[in-house]
Amino acid sequence: MNYWLMKTEPSEFGIDDLILRPNQTEPWDGVRNYQARNMLRDAMQVGDQVFFYHSNCEIPGIVGIAEIVKAGYPDDNAFEPNDKHYDPKSTPEKPIWSKVDVKFVQKFARTLSLKELKAHPALQELALVRRGNRLSINPVSPEQWAVILSLE
DNA sequence: GCCAACGTTGGC
DNA sequence: GCCAACGTTGGC
């Protein structure tokens, strides 16, 4: 099993929105970065665990856990000219972009803030806290996962 | 293939 | 709102 961290802006779609979805499940779409796409398409498997991260908000940090319930499949909103994430280079015959489905698992009692993660000695290699990292999807090692969970 | 200009992310 | 960091675009 693999561990991940996925960023989202709560003003757009936060963990409370995920909880309210049918089956508490939502496609994770709209990713338009090749590195992140490769993780969505090639690496994520059903059952993988995901830290749900809120960015661009009052307290950026990890707010809970979700789970991959459907592995990579074509991001079809790239085909829709009226969609915000439309990409004319991607077609149903040759899709460029991928998405996965994530399901709510747990919401933490408090936000594990970015500040706190950055300060933790055992998390200095966490992709999220590395300088200049802007990827919306990051891998998390089993060791890092355990350390972060213990903060809750 | 180089690289300047521009756009986006996201913390602060 | 600012700006550092990084990705993408497009002229050459």
Problem - Set of residues satisfying ring-ring contact (aromatic ring centres under 6.0 Å, His included) with respect to Phe79(A), sequence neighbours excluded - result: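 Expected list: none.
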Exercise for the section: Applying ring-ring contact (aromatic ring centres under 6.0 Å, His included), name anything that partners Trp97(A), two or more places apart in sequence or on another chain. Expected result: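 Here the qualifying residues are Tyr34(A).
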If you measure from [atom1] on [X] to [atom2] on [Y], what distance do you get to the nearest 0.5 Å?
X	Y	atom1	atom2	result
Gln49(A)	Glu67(A)	CD	CD	5.0 Å
Met6(A)	Asn138(A)	CE	CG	10.5 Å
Thr111(A)	Leu151(A)	OG1	CG	12.5 Å
Leu135(A)	Leu5(A)	CG	CG	11.0 Å
Ile96(A)	Lys89(A)	CD1	NZ	6.0 Å

What residues from [range] pass a heavy-atom cutoff of under 4.0 Å to DNA chain C?
range	answer
residues 119-136 of chain A	Arg131(A), Gly132(A), Arg134(A)
residues 6-17 of chain A	none
residues 26-40 of chain A	Tyr34(A), Gln35(A)

Practice task
Could you list where the contact with chain A starts and ends along DNA chain C, reading 5' to 3', using a 4.0 Å heavy-atom cut-off?
Solution key: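 First-to-last contact on DNA chain C, by the 4.0 Å heavy-atom rule, is dA5(C) to dT8(C).
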Practice task
Please collect all salt bridge (Lys or Arg N to Asp or Glu O under 4.0 Å) contacts where either partner lies in residues 14-24 of chain A, sequence neighbours excluded, each pair once.
Solution key: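 Every salt bridge (Lys or Arg N to Asp or Glu O under 4.0 Å) pair that includes a residue of residues 14-24 of chain A, provided the two are not neighbours, is Asp16(A)-Lys107(A), Arg21(A)-Glu26(A).
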Handout entry: Residue pairs passing the salt bridge (Lys or Arg N to Asp or Glu O under 4.0 Å) test where at least one lies in residues 37-58 of chain A, sequence neighbours excluded
Key =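 Listed once each, the pairs would be none.
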Handout entry: DNA chain B contacts among residues 51-63 of chain A, heavy-atom distance under 4.0 Å
Key =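 Those residues are Tyr53(A), Ser55(A), Asn56(A), Pro60(A).
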Practice task
Quick one: label Lys115(A) by what it contacts on the DNA or RNA (base, sugar-phosphate, nothing), any heavy atom closer than 4.0 Å.
Solution key: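 Nothing, no heavy atom under 4.0 Å.
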Problem - Pairs meeting criterion ring-ring contact (aromatic ring centres under 6.0 Å, His included) with involvement of residues 118-140 of chain A, two or more places apart - result: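 Matches after skipping sequence neighbours: none remain.
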Exercise for the section: Mind jotting down which residue pairs meet the ring-ring contact (aromatic ring centres under 6.0 Å, His included) criterion with at least one end in residues 40-68 of chain A? Sequence neighbours excluded, please. Expected result: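 As it turns out, the ring-ring contact (aromatic ring centres under 6.0 Å, His included) pairs with a partner in residues 40-68 of chain A, which skip direct neighbours, are Trp28(A)-Phe52(A), Phe51(A)-Trp145(A), Phe52(A)-His54(A).
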Problem - Nearest non-hydrogen partners of Leu123(A) and Leu117(A), listed with the distance - result: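 Residues Leu123(A) and Leu117(A), closest heavy atoms: CB-O, 3.6 Å.
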Problem - Beyond-backbone contact of Ile59(A) with Lys115(A), side-chain heavy atoms, under 4.5 angstrom - result: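 No; the side chains remain at least 4.5 Å from each other.
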Problem - Members besides Val46(A) in its Ile/Leu/Val/Met/Phe/Trp/Tyr cluster (side-chain heavy atoms under 4.5 Å) - result: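 None; Val46(A) is a cluster of one.
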Problem - Glu125(A) bridged to Arg130(A) by N-O distance under 4.0 Å - result: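 Yes, Glu125(A) and Arg130(A) are salt-bridged.
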